[in-house]
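Keep in mind that the numbers below use all heavy atoms, side chains included, and drop hydrogens, waters and symmetry copies.
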Amino acid sequence: MMMTNIPLKTLYNGVSVPQLGLGVYKVPPEDVYQTVSSALKAGYRHIDTASYYENENGVGKAIKDSGIPREKLFITTKVWNDDHGYDRTLQAFEKSMEKLNMDYVDLYLIHWPIPEIFPETWKALEKLYKDGRVKAIGVSNFLDHHLQTLLTDAKIKPVVNQIELHPKLIQKQTVEFCRENDIAVESWSPLGRARYLDDVILEKLAKKYDKTVAQIMIRWHIQHDFIVIPKSTKAKRQAENMAVFDFELSPEDMKQIDGMDEGFRIGSHPDEIMNK
């Protein structure tokens, strides 16, 4: 089994997470087993799923069949919008554990900041953390004002905020708030769902460093100290996405990529998400 060279990032509560992981959003249930299996063989140890993805069963089976000790892996799942609220969140967590066939997850996230009710949902996550059912708790798609609301009454602050983040959407204000509060930033859709693979700036940098455009973007996330979870169902691409720790982008080239920011969202705006 291939050894991983992915660096670990220590969260504020002392839990360590591989800085590069595999996202499985929109990987069909019938494909996710092979997708996760090939990633684990390539050296991935961090898998990110969610109840909404409807593929937790396949993720869990691939992990069990891999033979890798559970404590060597970092598994994330999330509570969906229609499961918000204290009791419903606890019930949703148990359903996820059953599907994953696990006793605990390493990170449990609120998927979206459903207005007014997410503070109650957070209390359920705090209970799960105190009870040892999860190693860490966090949020996803929270803007700085959502985090401010959460932190007003939270007994435990999030360790992670997983947000849409790629060269066309850097979310500086939210990233700065997270850093000021020691909340790690995790990037979803880090490659912009393949929309920038022919970007002139990125293509030029790919030639300069003898890397793919995807590798340039992943390296950019790594050097910004983001946790990054690119999705790929193909073993070759998964291996390529891991091959980003043998080079470093110059400060000037990092600034070039930073300059691509247009505030362009591919996914929903967190203030416009509906409870459905």
Side-chain angles (χ1 to χ4, degrees), residues 1-27 32-51 53 55-56 58-78 96-97 99-109 111 134-140 158-166 183-191 214-215 217-235 237-245:
M1 189 170 292
M2 185 178 292
M3 296 300 293
T4 178
N5 65 340
I6 298 171
L8 298 176
K9 180 176 175 62
T10 302
L11 306 174
Y12 84 78
N13 70 340
V15 169
S16 294
V17 52
Q19 195 176 357
L20 175 65
L22 177 78
V24 295
Y25 174 57
K26 286 193 173 180
V27 178
V32 77
Y33 178 87
Q34 185 57 46
T35 296
V36 173
S37 296
S38 63
L40 294 174
K41 288 177 183 176
Y44 286 81
R45 295 295 180 266
H46 173 186
I47 309 295
D48 179 278
T49 185
S51 62
Y53 304 167
N55 56 21
E56 289 173 313
V59 170
K61 189 175 188 317
I63 287 168
K64 184 177 181 181
D65 290 352
S66 73
I68 299 170
R70 176 65 184 86
E71 64 272 15
K72 299 292 185 182
L73 300 171
F74 190 96
I75 310 301
T76 300
T77 193
K78 313 175 189 78
S96 285
M97 291 304 94
K99 291 177 180 178
L100 288 164
N101 193 20
M102 294 178 183
D103 297 323
Y104 72 95
V105 288
D106 299 274
L107 179 62
Y108 197 46
L109 304 179
H111 210 145
V134 298
K135 300 293 185 184
I137 52 176
V139 295
S140 181
V159 296
V160 163
N161 185 18
Q162 186 185 115
I163 57 177
E164 180 182 347
L165 212 162
H166 43 77
I183 299 170
V185 175
E186 185 169 10
S187 310
W188 68 257
S189 193
L191 305 180
Q215 287 170 330
M217 283 193 277
I218 293 170
R219 184 66 206 180
W220 172 81
H221 287 277
I222 295 293
Q223 287 184 220
H224 271 306
D225 200 31
F226 301 142
I227 301 164
V228 57
I229 48 170
K231 181 192 83 174
S232 179
T233 59
K234 302 185 185 308
R237 291 277 183 258
Q238 291 172 350
E240 285 180 355
N241 289 346
M242 274 186 65
V244 294
F245 301 105

Checklist entry - Counting only N and O atoms by type, is there a donor-acceptor contact under 3.5 Å from the side chain of Ser37 to the main-chain atoms of Gln34? => result no
Item to check | Reported NZ-to-CD1 distance for the pair Lys41 and Ile68, which is rounded to 0.5 angstrom | outcome: 10.0 Å
Checklist entry - When Leu20 is tested against each of His46, Met242, Lys9, Arg45 for side-chain contact (heavy atoms from CB on, under 4.5 Å), which residue passes? => result Met242
Checklist entry - Closest approach of Ser232 and Thr35, non-hydrogen atoms and distance? => result O-CG2, 3.6 Å
Checklist entry - What are the two closest non-hydrogen atoms of Asn55 and Val24, and how far apart are they? => result ND2-O, 3.0 Å
Item to check | Atom pair OG1/CG of Thr76 and Leu22 - distance to nearest 0.5 Å | outcome: 11.5 Å
Next on the checklist: Tell me the closest heavy-atom pair linking Leu191 and Ala214, and the distance in Å.
Outcome noted: CD2-O, 3.7 Å
Checklist outcome for this item: Residues Asn13 and Lys135: closest non-hydrogen pair is ND2-O, 3.1 Å
Checklist entry - Do His221 side-chain atoms and Ser187 backbone N/O form a donor-acceptor pair below 3.5 Å? => result no
Checklist entry - Is any side-chain heavy atom of Ile163 closer than 4.5 Å to a side-chain heavy atom of Ser140? => result no
Checklist entry - Quick one: CH2 on Trp220 to CG on Leu165, what's the gap to the nearest 0.5 Å? => result 5.5 Å
Next on the checklist: Quick check: closest heavy atoms across Gly21 and Pro230, and the distance to 0.1 Å?
Outcome noted: O-CD, 3.4 Å
Item to check | Candidate pair Ile229 and Gln162, rule side chain to side chain contact (heavy atoms under 4.5 Å, CB included), full reasoning | outcome: CA-CA 10 Å; Ile229 48 170; Gln162 186 185 115; 3.8 Å; yes
Checklist entry - Just checking, any donor-acceptor pair under 3.5 angstrom between side chains of Arg219 and Gln215? => result no
Next on the checklist: Any salt bridge linking Lys78 with Asp48? Criterion: basic side-chain nitrogen under 4.0 Å from a carboxylate oxygen.
Outcome noted: yes
Next on the checklist: side chain to side chain contact (heavy atoms under 4.5 Å, CB included), that's the test. Do Val159 and Val15 meet it? Break it down for me.
Outcome noted: CA-CA 9 Å; Val159 296; Val15 169; over 6 Å; no
Item to check | Test item: Asp225 and Gln19 side chains (from C-beta on) under 4.5 Å apart, heavy atoms | outcome: yes
Checklist entry - Taking it one step at a time, do Asn241 and Tyr44 satisfy side chain to side chain contact (heavy atoms under 4.5 Å, CB included)? => result CA-CA 10 Å; Asn241 289 346; Tyr44 286 81; 3.5 Å; yes
Checklist entry - Distance-only, no hydrogens or angles: does the Arg70 side chain make a donor-acceptor pair with backbone N or O of Met102 under 3.5 Å? => result no
Next on the checklist: Counting C-beta onward and ignoring hydrogens, is there a side-chain heavy-atom pair between Val17 and Leu107 closer than 4.5 Å?
Outcome noted: no
Checklist outcome for this item: In this structure, CD1 of Ile6 is separated from CD1 of Ile222 (nearest 0.5 Å) by 8.0 Å
Next on the checklist: Testing the basics here: between Phe74 and Ser16, what is the closest heavy-atom pair and its distance to 0.1 Å?
Outcome noted: CD1-O, 3.6 Å
Checklist entry - When you look at Tyr53 and Val27, which way does the side chain to side chain contact (heavy atoms under 4.5 Å, CB included) test go after all the steps? => result CA-CA 8 Å; Tyr53 304 167; Val27 178; over 6 Å; no
Item to check | Glu56: which of Thr49, Thr77, Asn101 passes side-chain hydrogen bond (donor to acceptor under 3.5 Å, both in side chains) | outcome: Thr77
Next on the checklist: Measuring only between side-chain heavy atoms, which start at C-beta, is Val105 closer than 4.5 Å to Ser96?
Outcome noted: no
Checklist entry - Counting distance only, does the side-chain N/O of Asp106 pair as donor-acceptor with the main-chain N or O of Ile75 below 3.5 Å? => result yes
